[in-house]
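These numbers were taken from a predicted model, which means no experiment stands behind them.
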Amino acid sequence: MVTWDANGLRSRMWELRDFVNKYKPDVISLQETWLRPSHTIALANYKIYRNDRNYTTHNAYTARTGGGTAIMIKNSMKHTHIPTPNLNGVEATMVALTPELGEQTLIISLYNPPHLNINNLNQNIDTLMNQGFPSTIIMGDFNAKHSSWGCDVDTRRGITFNIHIQRSGYRILAPPTPTRYGHDSASTLDFAITTNVDSPCTVTSISELNNFTLPDANTPEDIDEQIAAFTDRLHQAYTNASKPLKQNDTFYISRDLNQLFKERNRARKIWHYTRSPADKNTLNRLQKQIKKIIIKYEQRQWDESLACLEAEDGSLWKAARDSRKKAPPIPALKGPAKITYSDADKSEVIADSLQKQFKLNNISNDTDRAITHVVRTYLNNENNFTNMPPHPTPTTKRNYRTYR
């Protein structure tokens with residue numbers, strides 16, 4: 001098990017992933033995640049349970065950005081998420097280990113804000129310990145200093161908290177080295193409190209996830225080695241964070257295929273000009289010939305890409321996974337009367353929507369209607385045609401032609 005005060009989990013996920021890949025812990029207890037409900041955190045092969053800080057119910061001090069607890073547990077471990085009871089200022093996340101053989105154990109990730117009343121912490125610890133489980137382990141940041149868990153000084157909060165632990169019969173599990181380093185100090189604020197856990201435990205402070213680690217360099221050679229190691233890690237992080245350039249497989253046009261393209265374009269121009277069936281047949285023949293050549297080239301490219309797949313670099317599994325992907329289903333659609341789920345109902349909803357959207361535009365206007373009305377009124381009025389001129393006779397037409 002591991003407990004870590006992250007001081008902002010989103011910006012340090014890469015550090016946590018490196019740590020998990022190296023040590024592979026079963027349970028990870030996190031404090032000060034600084035997460036909001038809109039943030040998404042994921043870690044491969046781990047289930048994450050988190051309690052983000054509720055900024056509406058905390059006091060003026062704890063309402064600022066910070067806080068939050070979480071527990072990451074391997075998917076292979078049988079467990080159950082336990083809802084957190086009402087606590088006074090303390091933040092916690094709870095998970096119960098439920099093995100098939102053996103007793104259940106309650107794991108709690110706890111964060112105690114530094115300015116919280118120590119009496120509230122004592123009450124909250126008793127509440128968490130009395131959840132009805134055979135054994136309980138509380139890990140986290142208690143923000144209390146006492147020599148019982150390796151601190152150099154005994155603060156008032158630490159003294160009061162230690163007295164309560166001794167009276168309640170809880171067991172303290174703390175590392176022999178400090179867990180928090182400052183610029184001129186070191187202290188142990190992160191440890192564990194257990195009840196009914198009698199098995200031997202080894203507690204160690206690991207420097208990979210410390211918030212501040214003092215470098216161990218005594219000679220110029222040590223400094224040069226650390227600078228080189230830091231440079232290598234920086235280059236590796238840049239490489240891992242950079243998106244690989246996607247190779248653009250340009251289609252190579254051979255000389256013969258390029259000549260066919262020219263003949264096809266020439267045949268298309270001739271057919272557009274003549275519209276002759278013979279010219280159309282020539283154009284179709286060239287297009288089919290070009291299509292066959294392109295299909296052969298694409299098939300050869302596909303065969304070569306399949307031959308290059310290997311299991312070592314993961315390309316084979318990626319290609320198999322992509323080939324098994326199914327088209328994402330269309331989600332439920334909200335129709336005018338109800339929400340549709342079946343494909344037939346969805347198609348009807350889409351068809352009705354398209355029918356409403358695509359209608360003939362009404363391009364008429366008031367001016368067109370007024371002109372049409374005037375013309376029809378004029379044509380329907382017989383008085384407008386009483387003094388019509390007589391029809392021309394053949395002689396009149398002949399004289400008109402002669403005149404012209």
Hey, is [atom1] on [X] packed in by over 12 heavy atoms from elsewhere, all under 6.0 Å?
| X | atom1 | value |
| --- | --- | --- |
| Asn119 | CG | yes |
| Lys346 | NZ | yes |
| Gln355 | CD | no |
| Arg275 | CZ | yes |
| Asn45 | CG | no |
| His272 | NE2 | yes |

Considering only heavy atoms from C-beta outward, does the side chain of [X] approach that of [Y] to under 4.5 Å?
| X | Y | result |
| --- | --- | --- |
| Thr69 | Leu110 | no |
| Met77 | Leu97 | yes |
| Lys24 | Val20 | no |
| Tyr170 | Asp126 | yes |
| Ile290 | Phe261 | yes |
| Asn51 | Thr33 | no |
| Ile71 | His81 | no |

In terms of side-chain geometry, is the basic nitrogen of [X] or [Y] positioned less than 4.0 Å from the acidic oxygen of its partner?
| X | Y | value |
| --- | --- | --- |
| Asp52 | Arg36 | no |
| Asp5 | Arg180 | yes |
| Lys356 | Asp352 | no |
| Arg171 | Asp198 | no |

For [X] and [Y], indicate whether the former's side chain and the latter's backbone hold a donor-acceptor pair under 3.5 Å.
| X | Y | result |
| --- | --- | --- |
| Arg12 | Asn7 | no |
| Gln131 | Thr127 | yes |
| Arg157 | Asn143 | yes |

Test: Arg300 cationic atom under 6.0 Å from Trp302 six-membered ring centre, within 45° of axis: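 Cation-pi check for Arg300 and Trp302: fails.
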
Residues forming a side-chain hydrogen bond (donor to acceptor under 3.5 Å, both in side chains) with Gln299, sequence neighbours excluded: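 With neighbours one apart ignored, the set is Asp303.
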
Whether Phe142 and Phe191 hold their rings parallel, tilted or perpendicular, with breakpoints at 30° and 60°: parallel

The single option from Leu173, Ile107, Thr194 passing side chain to side chain contact (heavy atoms under 4.5 Å, CB included) against Met139: Ile107

Among Thr3, Thr93, Asn112, the one residue meeting side-chain hydrogen bond (donor to acceptor under 3.5 Å, both in side chains) with Gln31: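 Per the side-chain hydrogen bond (donor to acceptor under 3.5 Å, both in side chains) rule, the option paired with Gln31 is Thr3, out of Thr3, Thr93, Asn112.
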
